[in-house]
Asker: 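Sharing a structure below in structure tokens format, with a few things to ask.
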Amino acid sequence: MKQAHSANVSAQPEKLRRALTTPLLTLYGLGVTVGAGIYVLVGTTAAEAGPYAPVSFLIAAIVVAFTAFSYAELSTRYPVSAGEAAYVEAGFRSGKLATVVGLAVALSGMVSAAAVAIGAASYLHGLIAAPHALLTIAVVTVMGLIALWGITQSVMVAAVITLIEIGGLIFVSVWGFGFSDPLGLDFVDMIPPLTGPHWIGIGAASLLAFFAFVGFEDMANVAEEVKDPVATMPKAIVLTLIIASILYIATTTAVLVAVPIDTLANSAAPLSLVFASAPVAIQQSFAIIAIVATVNGVLIQMIMASRVLYGLADRGHLPAVLATVSHRTQTPVVATLAVVCVIILLTLALPIDALAERTSQIVLFVFVLVNVALIRLKLRRENEKDHFKVPMIVPVFGVLTSVLLFGTAWL
């Protein structure tokens, strides 16, 4: 009987390992959030909003906040991979809609990773005189190998890199405010009048700035690998949002003070411009930090997208081969390889601003459905076991703010 039991256990498919604690999960969220946007999108945001770019980041943070709290509740109701798909399936009772949402989330991660990989290659090109396309492919390939290594190992790598990239943003802020020549704007120039056509530009820039906050929702997609998700998920999501918001507004303001706005608006590696008059050693040090920061965004979006494909396949919504988990590393190997291939194709096909805008639109569409799903679950009082809860007004405002920001794309 023991032999039969052992054989039965060994025949069961490999599952993901619960290994992530609150500090690791927060660093995971910050890694993708910080790396995904601020290092590569300050310039394009300034091109849209002009001197009011910090306001665009503030608006994006407010939009994200409502949905972040909705995710905090849903991720404790359903702590599984492909979280958004599970939330929508529970809320709408539709497997097909859940599959569409899951694929949209995976696509947003891959498009985001492609945008950040292009930014990483731009920073890397400043140190290595190699073709930009070759550098981009190399970044994606190396991050793919780390993602295959194992969830604990890859998140630990990402956590260390996250501390470096946060240090880089603090470095930019300190240097921009205290050491660089103030070639840009005064603080008073960054305060927009209450009315006027400039709000159209601020709204459009908020959609790009929103891309910089893409990341906290990725935390929901590794919930199946989190220890004690009911206690851990809400704390990590809120901490990620607060820390990222402070870093973004401080960094954007410092860059606008230090760099002429016309120069900033045309740069694919904007934060390096703060150090234009700094000693060469400082310039090179920051270039290395920026490369490390941006590749971290690629790695974590890659982890997220592969977990979504795995989760959908594990629940029968996609081909079962995508649910294949390596016995040695306990990572979804086929799903990860598929994600790497799609990211490489996207980096070669689309420019960074188009990739960022498409990512923001996809994520906002998902946010609307996720918030509506939570509203429906609350009205039906389903799955009311012990979990984190938010008032009904939170998902309602999550829907409204996401729809309003999405609408700025069509102004």
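Computed from a prediction, not measured in an experiment: that's the story for all the values here.
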Asker: Is any side-chain heavy atom of Pro79 closer than 4.5 Å to one of Val226?
Answerer: no
Asker: As a quick check of understanding, evaluate side-chain contact (heavy atoms from CB on, under 4.5 Å) for Leu312 and Val308, giving each step before the final call.
Answerer: CA-CA 6 Å; Leu312 289 172; Val308 173; 4.1 Å; yes
Asker: Has Thr76 got a side-chain atom pairing as donor or acceptor with Glu73's backbone, closer than 3.5 angstrom?
Answerer: yes
Asker: What are the two closest non-hydrogen atoms of Ala244 and Leu30, and how far apart are they?
Answerer: N-CD2, 4.0 Å
Asker: Could you please spell out the steps behind the side-chain contact (heavy atoms from CB on, under 4.5 Å) verdict for Ile191 and Tyr52?
Answerer: CA-CA 7 Å; Ile191 302 172; Tyr52 312 127; 6.0 Å; no
Asker: With side chains defined as the heavy atoms from C-beta onward, is the minimum distance between Phe177 and Val257 less than 4.5 Å?
Answerer: yes
Asker: Where do Tyr71 and Glu84 land on the side-chain hydrogen bond (donor to acceptor under 3.5 Å, both in side chains) test, with the steps shown first?
Answerer: CA-CA 9 Å; Tyr71 270 86; Glu84 288 96 341; 2.9 Å; yes
Asker: Between His198 and Pro193, is there a donor-acceptor pair closer than 3.5 Å when you use the side chain of the first and the backbone of the second?
Answerer: yes
Asker: Return the set of residues passing side-chain hydrogen bond (donor to acceptor under 3.5 Å, both in side chains) with Glu48 (not counting sequence neighbours), or none when no residue passes.
Answerer: none
Asker: Taking side chain to side chain contact (heavy atoms under 4.5 Å, CB included) as the test, write out the residues that go with Val321, two or more places apart.
Answerer: Pro319, Thr324, Val334
Asker: Residues in side-chain hydrogen bond (donor to acceptor under 3.5 Å, both in side chains) with Ser108, at least two apart?
Answerer: none
Asker: If I compare all heavy atoms of Ala90 with all of Leu377, which pair ends up nearest, and what's the gap?
Answerer: O-CD2, 3.8 Å
Asker: Who passes ring pair (Phe, Tyr, Trp, His ring centres under 6.0 Å) against Phe397, sequence neighbours left out?
Answerer: Phe66
Asker: Show your working on side-chain contact (heavy atoms from CB on, under 4.5 Å) between Glu89 and Thr99 and close with a plain yes or no.
Answerer: CA-CA 8 Å; Glu89 186 168 17; Thr99 303; over 6 Å; no
Asker: Could you grab the distance from atom CD1 of Ile246 to atom CD1 of Ile166, nearest 0.5 Å is fine?
Answerer: 11.0 Å
Asker: Is the closest side-chain heavy-atom distance between Val230 and Phe388 below 4.5 Å?
Answerer: no
Asker: Taking Gly91's backbone N and O only, do any of them form a donor-acceptor pair with Arg380's side chain (distance below 3.5 Å, no angle check)?
Answerer: yes
Asker: If you define the side chain from C-beta out and look only at heavy atoms, does anything of Ile237 sit under 4.5 Å from Ser75?
Answerer: yes
Asker: Test ring-ring contact (aromatic ring centres under 6.0 Å, His included) on Phe213 and Tyr248; report intermediate values, then the result.
Answerer: CA-CA 9 Å; Phe213 287 93; Tyr248 286 175; 4.9 Å; yes
Asker: Once you round to the nearest 0.5 Å, how far does OG of Ser306 lie from CG of Leu322?
Answerer: 10.5 Å
Asker: How long is the gap from OG1 on Thr232 to CG on Leu24, to the nearest 0.5 Å?
Answerer: 10.5 Å
Asker: Report yes if the side chains of Val325 and Val333 come closer than 4.5 Å at any heavy-atom pair, otherwise no.
Answerer: no
Asker: Do Gln361 and Leu207 have side chains that approach each other closer than 4.5 Å (heavy atoms only, starting at C-beta)?
Answerer: yes
Asker: Could you work out, with side chain to side chain contact (heavy atoms under 4.5 Å, CB included) as the rule, every residue matching Val394, not counting sequence neighbours?
Answerer: Phe69, Ser70, Val390, Pro391
Asker: Just by modelled atom types, is the Ile344 backbone N or O under 3.5 Å from a matching donor or acceptor in the Thr347 side chain?
Answerer: yes
Asker: Short question: side chain of Asp314, backbone of Tyr310 - any donor-acceptor pair under 3.5 Å?
Answerer: no
Asker: Pairs of donor and acceptor atoms involving the side chains of residues 55-64, under 3.5 Å and at least two apart or interchain, shall be tabulated with distances.
Answerer:
from: Ser56; atom 1: OG; to: Ile202; atom 2: O; distance (Å): 3.1

Asker: Got a sec, which residues hit side-chain hydrogen bond (donor to acceptor under 3.5 Å, both in side chains) with His125, two or more places apart in sequence or on another chain?
Answerer: none
Asker: Looking at Ile118, is its backbone amide N or carbonyl O close enough to the side chain of Ser122 to form a donor-acceptor pair, meaning the two atoms are under 3.5 Å apart?
Answerer: yes
Asker: Which distance, rounded to the nearest 0.5 Å, do you find between the CG of Leu318 and the CG of Leu309?
Answerer: 6.5 Å
Asker: Ring-plane angle category for Trp175 and Phe179, please: parallel below 30°, perpendicular beyond 60°, tilted otherwise.
Answerer: parallel
Asker: In a table with atom names and distances, give each donor-acceptor pair under 3.5 Å that connects a side chain of residues 278-293 to protein atoms at least two apart or in another chain.
Answerer:
from: Gln283; atom 1: NE2; to: Phe275; atom 2: O; distance (Å): 3.1
from: Gln283; atom 1: NE2; to: Ala276; atom 2: O; distance (Å): 3.1
from: Gln283; atom 1: NE2; to: Ala278; atom 2: O; distance (Å): 2.9
from: Ser285; atom 1: OG; to: Ala281; atom 2: O; distance (Å): 2.8

Asker: Distance-only check: which donor-acceptor pairs under 3.5 Å involve side-chain atoms of residues 135-151, not counting sequence neighbours?
Answerer:
from: Thr136; atom 1: OG1; to: His132; atom 2: O; distance (Å): 2.8
from: Thr141; atom 1: OG1; to: Ile137; atom 2: O; distance (Å): 2.8

Asker: Can you run down the ring pair (Phe, Tyr, Trp, His ring centres under 6.0 Å) pairs that involve residues 97-118, sequence neighbours left out, and say none if there aren't any?
Answerer: none
Asker: In chain order, what residues pass the side chain to side chain contact (heavy atoms under 4.5 Å, CB included) check against Ala236, with sequence neighbours excluded?
Answerer: Leu25, Thr26, Met219
Asker: Rounded to the nearest 0.5 Å, what separates atom CG in Leu404 from atom OG in Ser206?
Answerer: 11.5 Å
Asker: Given side chains that start at C-beta, do those of Val172 and Val255 come closer than 4.5 Å, heavy atoms only?
Answerer: yes
Asker: Is Ile243 close to Leu247 at the side-chain level, that is, under 4.5 Å between some pair of heavy atoms?
Answerer: yes
Asker: Grab the two heavy atoms, one from Leu405 and one from Gly203, that are nearest each other, plus how far apart they are.
Answerer: CD1-O, 4.0 Å
Asker: To the closest 0.5 Å, what do you measure between CD1 (Ile164) and CG (Leu169)?
Answerer: 12.5 Å
Asker: Decide side-chain contact (heavy atoms from CB on, under 4.5 Å) for His317 and Val100; before the verdict, give the C-alpha distance in whole Å, the side-chain angles of both, and the deciding distance to 0.1 Å.
Answerer: CA-CA 10 Å; His317 297 306; Val100 169; over 6 Å; no
Asker: Can you give me the closest heavy-atom contact between Ala106 and Ala305, atom names plus distance?
Answerer: O-CB, 3.7 Å
Asker: Nearest heavy-atom pair of Met190 and Leu256: which atoms, and what distance?
Answerer: CE-CB, 3.7 Å
Asker: Listed by chain and number, what are the ring pair (Phe, Tyr, Trp, His ring centres under 6.0 Å) partners of Phe92, not counting sequence neighbours?
Answerer: none
Asker: How close do Gln301 and Ser112 get, heavy atom to heavy atom, and via which atoms?
Answerer: NE2-OG, 3.0 Å
Asker: Quick one: does any side-chain atom of Asp189 pair with a main-chain N or O of Asp186 as donor and acceptor, under 3.5 Å?
Answerer: yes
